[in-house]
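Beneath this line is the structure, given in structure tokens, with notes to follow.
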Amino acid sequence: MERVFNFSAGPSMLPVAVLEKAAAEMLNYEHSGMSVMEMSHRSPVYEKIIHDAESLLRQVMQIPDNYAVLFLQGGASTQFAAVPLNLLSENGKADYVLSGQFSTKAYQEAQKYGDVAVAASSKDINFSAVPKMEELKLREDADYVHICFNNTIYGTKFPYIPNTGSVPLVADMSSCILSEPVDVSKFGVIYAGAQKNLSAAGLTVVIIRKDLLGKARKETPTMLDYKVMADNGSMYNTPPTYCIYIAKLVYEWILSLGGLEKMKERNEQKAKLLYEYLDGQNYYVAPVEKESRSMMNVTFVTGNADLDKKFATEAAAAGLVNLKGHRSVGGMRASIYNAMPIEGVEKLVEFMKEFAKNNPKI
Ligand SMILES: *Cc1c(COP(=O)(O)O)cnc(C)c1O
């Protein structure tokens with residue numbers, strides 16, 4: 001089988017150039033006589049890899065010096081607990097904006113640890129838009145505010161960065177990190193599971209303002225304590241060594257193409273192709289409010305569950321795979337992360353036109 005255009009929400013496509021480089025270096029990385037997978041994480045050759053990965057990410061995202069970069073395990077879901085354990089004081093408060101399933105899970109996990117409130121929710125409109133700034137009920141004495149910046153399942157994204165004053169803003173950026181420039185200084189903590197836009201599954205990147213380190217509750221598991229991880233250069237124990245290496249190759253690939261400004265341009269171009277097509281016809285419906293549309297995850301439905309199913313099956317046969325929507329919402333979802341080439345989106349739009357023509361709704 002040839003390589004397909006993989007529209008999976010995650011794990012998702014990686015750039016071919018990255019896969020080729022990893023393949024070429026698989027058996028003998030830079031004359032070390034072994035694969036990166038087989039190396040001691042304490043060896044000088046590996047220490048250079050993790051060091052380069054951090055400095056490249058700092059360069060790509062322009063991360064200020066007063067932020068620590070951590071390479072952790074456990075996926076974004078582990079951060080749902082790590083965030084309150086590290087930032088929510090014994091009698092503290094935290095405010096959560098509910099804009100989809102992952103932010104709801106983060107909220108439910110945080111509730112185990114204290115006074116955790118819903119700042120706003122768009123559940124009543126089936127998460128088809130993110131709550132607006134003026135709808136957020138924020139408590140000035142909260143320890144932090146949590147948002148999910150891009151909602152992978154529903155295909156929405158915050159069109160703004162909430163202004164939380166002096167209260168640190170914590171953002172789950174699993175499905176939009178590195179898709180465009182972002183002003184890191186507006187956030188207290190940014191976290192992201194790697195399997196969408198960074199690397200393979202198994203790595204979680206945390207970017208945290210350094211003054212927020214060292215506040216973890218005493219019962220915090222050592223492995224979840226940001227300060228322990230920061231003090232040990234993410235090597236308190238064995239880090240996900242191979243995923244960090246792949247992430248390094250992805251950062252190099254982004255820089256080789258011109259950095260995040262260029263990524264944004266490419267991603268806008270791809271998203272525009274799909275949304276312009278969706279807006280100019282009436283066979284498919286795009287349920288997300290325009291203002292909240294995601295550039296990474298584009299959702300649409302035919303309005304008929306059988307047709308949706310047929311669409312995903314026939315698209316897969318045409319080399320456009322994983323277009324079925326999340327099991328909780330149905331319909332279709334095209335995840336078009338950095339590694340998806342524009343040809344994949346062009347093919348998809350062509351397929352959508354053909355499918356609409358061949359499957360009239362009676
Ligand atoms: C995929 C995803 C998660 C869950 O990530 P895991 O690494 O599987 O725990 C959380 N938040 C967002 C926004 C996601 O896209």
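Remember, it's 1-based here, ligands and their atoms both numbered in the order they're listed.
- Taking the six-membered ring for Trp and thresholds of 30 and 60 degrees, Y245 and Y242 have ring planes inclined between 30 and 60 degrees apart.
- When the side chains of ILVMFWY residues are joined at heavy-atom separations under 4.5 Å, either directly or via intervening members, V349 and V285 end up in two distinct hydrophobic clusters.
- Annotation: salt bridge (charged side-chain N to carboxylate O under 4.0 Å, His left out) contacts of E314 (sequence neighbours excluded): K310.
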Please give the N or O to N or O pairs under 3.5 Å between ligand 1 and the protein, distances rounded to 0.1 Å.
from, atom 1, to, atom 2, distance (Å)
ligand 1, 7 (O), A76, N, 3.0
ligand 1, 7 (O), Q195, NE2, 2.9
ligand 1, 8 (O), Q195, NE2, 3.3
ligand 1, 9 (O), A76, N, 3.2
ligand 1, 9 (O), S77, N, 2.8
ligand 1, 9 (O), S77, OG, 2.6
ligand 1, 11 (N), D172, OD2, 2.6
ligand 1, 15 (O), T152, OG1, 2.4
ligand 1, 15 (O), K196, NZ, 2.6

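- Of the charged side-chain nitrogens involved, none lies within less than 4.0 Å of a carboxylate oxygen, so that K309 and D306 do not count as a salt-bridged pair.
- Ring pair H146/Y191 is tilted by interplanar angle, where 30° to 60° counts as tilted.
- In this structure, K361 forms a cation-pi arrangement with Y283, its terminal cationic atom sitting closer than 6.0 Å to the ring centre and no more than 45° off the ring axis.
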